[in-house]
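Encoded as structure tokens, the structure appears first; notes follow it.
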Amino acid sequence: MSQIDNTFIKLRARLREQDIKLWEEPYYFEGVGSIDSEMDRLARDLNGDLGISVSNCRCALVELQDSALRKLAARREFDDTGLATFNVRCVDSKGGTSQMTEVKCSLGGLGSDLHKELAKKLNLSDASQVKCISRGRIIDGQRSLASQGLKTNHQLMVIVGGENQTQELHERIQRIRADVEIVANADHRFMEMEDQDGRPIFLPPDENRSLLMAMSMYEVARVSMGKENYDEALLLLLEADELFSRCNSKFLEAVDNYALINLDIVWCYLSLKNITQLPDAQRRLDICERSFRKSYGEQFNRLHLIRGANCPERALIMRLHLLQGVLLFHQNRRDEAYERLDEAAKLLDELKVNDNQLSSLVEMGYEESDARLALRSCGGNVDRAIQFIQERREKISEERKNSAPLRKVNQEMRGANSGGDWVDPRSVSRLVEMGFERRLVVEALKRTKNNLEQSLDLLQRHSDELRANLPAAPPPVDESLLSTLEQLGFQAQAAQAALETTGNDFGKCMEFLMKSFTNEKDLLAFIETIKKLVEQNGPSGSKKTRTNSSTSVVNLSTSKLSLIQSALAKAKSEMETYNAFKRFNKNLSENNSNYLDLPLVQEEQILSEYRRLLE
């Protein structure tokens, strides 16, 4: 933020207050142009009370007049030709504004048409690499610009970095998105949602997938923010925001996840020095504040009551106040900005951690983020901080241990849930503990859409009817399929259980059994076993004989070979899932409270900068 920007903010606000329109008489006459004498007089009138030199005031007024005239011309052109003019701010990956450019495009055209025009302007060979942001949304290339709310003179933002850097960024985002989708589709085998205390969160499958994808994209974005790759972080955050918008669960209303993503998007706007997104920043900070007040209580009293007066969540509140102060400054609401920045400064002083104490805990073997959070929570007392870390670890471990039976019920229910009916494992466990039969409990919960009281009433009053409507017993195990599974190396008992569970559906049976592989090594060994069977029997099922081999030859019928080849395809797909998870998980933190670990170095610099501008 520079003094030049500060000058423009002051001037815009004063012109608005006095209803001065630089594109109208007496400052501008159609066919004549700008009237220098009137512009000089206006600069002298305004410079004194705004604390701006006459020359600087005159230069800023000329630039504001030129900008207003360009917008007026764009509106006229749109009325005459239907072509909308967009002012595009191109931001480089280091956060500096590289250039401003103008692009013209029909509002009836697709987003891809705009991408093509931008690619030409930016000398990019592939228009699909253009990620254009308008009002906090990535423009969809397959929808019309009008349907996405774009209008002439809208301010757009594009992240650039040269041909190769833009291509690399685009490819990296695509790969991350693809990996997240693969992991989210892996039926909870790699990731499950839990709260910051280690308690599991259960939701219907479709909603669980959307939320899991959104939170996964958010976690990757936070890694990029930690590396100060704000261009990549912003694109990932906006992708996550889009996924969050598909979640209808009341769960989002009860926690601060959605508030945090809005807070971080505005932080990226600020880090990329992009003021074109200020209207979206206002909207997002309002969402964040409402969510915080709902989760933490008015004046955050509920938060202090539950987590204590020194709770580390104060770092999030500090960042919110700071960003609100910056936004108010840009809106020239200076008194309000000063108040917000003052609130942020007080919290920042309380949150500062002694570097020697932090180093001392790190030398003891504690993670820096754990140490920082503990010191903030314990008022800088090292002994209490050590105890805090230990107690927290024990609490999470205990919660996970206690919830293990519930997680197992949830896993079993995935096989029992059919026809789109989701059964809440918490309700299943509760009713089974009361002595009701598992199958009847599941049927009752399906009928009542997981209403615990209604299910209990059904079980007590109509158990015979529930029993009569239970699904028919599964068919007997197909001996031929059982033999094939044993040839693939599965234990007979496990293979039989899989066939019973899946009703002799070989494809589902393979998926069921492959979930039992606990590591990549076992899965690779399984793939090699199948490959050898396929090689022994030839590509088309013809038999091959090997006399000089220590490996016994298993002759398979054409139908069995086909089944085994399908198993090989599923195993390779499973291997790709493992690889996707490894790529996704490589840089993620296992610390549930990592989102609270704000070193606050950048916050302190920004606070100092804006307070200096105000003073």
Side-chain angles (χ1 to χ4, degrees), residues 194-199 219 222-223 225-226 254-257 259-260 263-264 267 288-289 291-323 340-403 588-608:
E194 60 182 24
D195 65 17
Q196 61 184 2
D197 293 323
R199 288 185 288 265
E219 288 301 316
R222 287 195 59 79
V223 173
M225 289 179 69
V255 295
D256 54 14
N257 296 78
L260 297 180
L263 190 67
D264 285 340
W267 183 256
C288 183
E289 184 170 26
S291 180
F292 276 2
R293 292 194 182 283
K294 190 164 187 176
S295 297
Y296 301 158
E298 290 296 325
Q299 304 302 317
F300 311 112
N301 53 351
R302 189 183 305 129
L303 175 65
H304 295 155
L305 184 65
I306 297 172
R307 309 283 288 179
N310 292 326
C311 57
E313 283 84 356
R314 291 175 302 154
L316 302 175
I317 298 167
M318 182 269 163
R319 181 176 274 190
L320 172 63
H321 289 336
L322 174 63
L323 289 173
R340 285 295 187 189
L341 293 177
D342 193 48
E343 290 174 12
K346 289 175 183 175
L347 275 174
L348 181 62
D349 287 339
E350 294 173 9
L351 289 161
K352 280 185 179 178
V353 170
N354 183 287
D355 289 339
N356 292 331
Q357 292 176 332
L358 184 63
S359 298
S360 176
L361 287 173
V362 171
E363 287 171 5
M364 293 180 196
Y366 296 110
E367 293 290 333
E368 184 176 325
S369 59
D370 287 335
R372 186 162 28 241
L373 292 176
L375 286 169
R376 283 177 181 165
S377 299
C378 300
N381 185 306
V382 174
D383 291 335
R384 284 174 54 201
I386 293 171
Q387 185 180 357
F388 177 90
I389 294 172
Q390 292 300 119
E391 287 177 353
R392 173 155 182 77
R393 288 179 178 177
E394 289 170 6
K395 181 179 180 180
I396 292 175
S397 176
E398 187 68 19
E399 286 288 356
R400 287 175 177 167
K401 181 181 176 182
N402 292 338
S403 66
L588 297 191
S589 170
E590 294 184 4
N591 186 341
N592 285 29
S593 299
N594 188 51
Y595 69 98
L596 295 172
D597 179 34
L598 303 181
L600 301 180
V601 175
Q602 292 170 297
E603 284 85 347
E604 188 168 16
Q605 293 170 351
I606 291 167
L607 179 63
S608 175

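Just so it is clear, the structure is predicted and the values come from calculations on it, not from any experiment. Computation of the quantities below employed the complete heavy-atom set of this structure, encompassing side-chain atoms and omitting hydrogens, waters and symmetry-equivalent molecules. The chain is numbered in sequence order, starting from 1.
- Within the 4.5 Å cutoff, the side chain of N381 has no heavy atoms near those of the F388 side chain.
- Panel note: side chain S397, backbone R393; no donor-acceptor pair is recorded below 3.5 Å.
- The side chain to side chain donor-acceptor pair (under 3.5 Å) test applied to Q602 returns Y230, not counting sequence neighbours.
- Atom CD of residue E368 and atom CG of residue L361 lie 10.5 Å apart, to the nearest 0.5 angstrom.
- Not a single side chain to side chain donor-acceptor pair (under 3.5 Å) links Q357 to another residue, sequence neighbours left out.
- Salt-bridge formation is not detected for the pair E399/K395: no Lys NZ or Arg NE/NH1/NH2 atom is positioned less than 4.0 Å from an Asp or Glu carboxylate oxygen.
- A salt bridge (Lys or Arg N to Asp or Glu O under 4.0 Å) with R319 is found for one member of E313, E343, E603 and no other, namely E603.
- Remark: R392 does not engage E367 in a salt bridge, criterion side-chain N to carboxylate O under 4.0 Å.
- Residues K352 and L600 form no side-chain contact, since every pair of their non-hydrogen atoms from C-beta on lies 4.5 Å or further apart.
- Ion pairing between a basic and an acidic side chain is recognised when a charged N comes within 4.0 Å of a carboxylate O; K346 and E350 show no such pairing.
- Proximity of I389 to L373: side-chain heavy atoms (C-beta onward) are nowhere separated by under 4.5 Å.
- Between E398 and K401 no salt bridge is recorded (no basic side-chain N to carboxylate O distance below 4.0 Å).
- Residues A259 and C288 come closest through the heavy atom pair O-SG, 3.6 Å.
- Between A344 and M318 the shortest heavy-atom distance is O-CG, 3.6 Å.
- With a 4.5 Å cut-off on side-chain heavy atoms, L260 and F292 count as touching.
- For the atom pair R222 CZ and D597 CG, the distance stands at 8.5 Å (nearest 0.5 Å).
- Within the 4.5 Å cutoff, side-chain heavy atoms of L316 are placed close to those of Y296.
- Panel note: side chain R314, backbone C311; a donor-acceptor pair is recorded below 3.5 Å.
- Counting only heavy atoms from C-beta outward, the side chains of N354 and L375 never approach each other to under 4.5 Å.
- Dense packing is recorded around CG of D349, with more than 12 heavy atoms of other residues, nucleotides or ligands lying under 6.0 Å away.
- The nearest pair of heavy atoms linking I386 to M364 is CD1-SD, 3.6 Å.
- A donor-acceptor pair under 3.5 Å is formed between the side chain of S359 and the backbone N or O of D355.
- Nearest heavy atoms, G379 versus N310: N-ND2, 4.1 Å.
- Taken to the nearest 0.5 Å, the CG atom of L598 stands 8.5 Å off from the CE atom of M225.
- In terms of heavy atoms, A315 sits closest to L351 at CA-CD1, 3.6 Å.
- In this structure, CG in L341 is found 11.5 Å from CG in L348, a value given to the nearest 0.5 Å.
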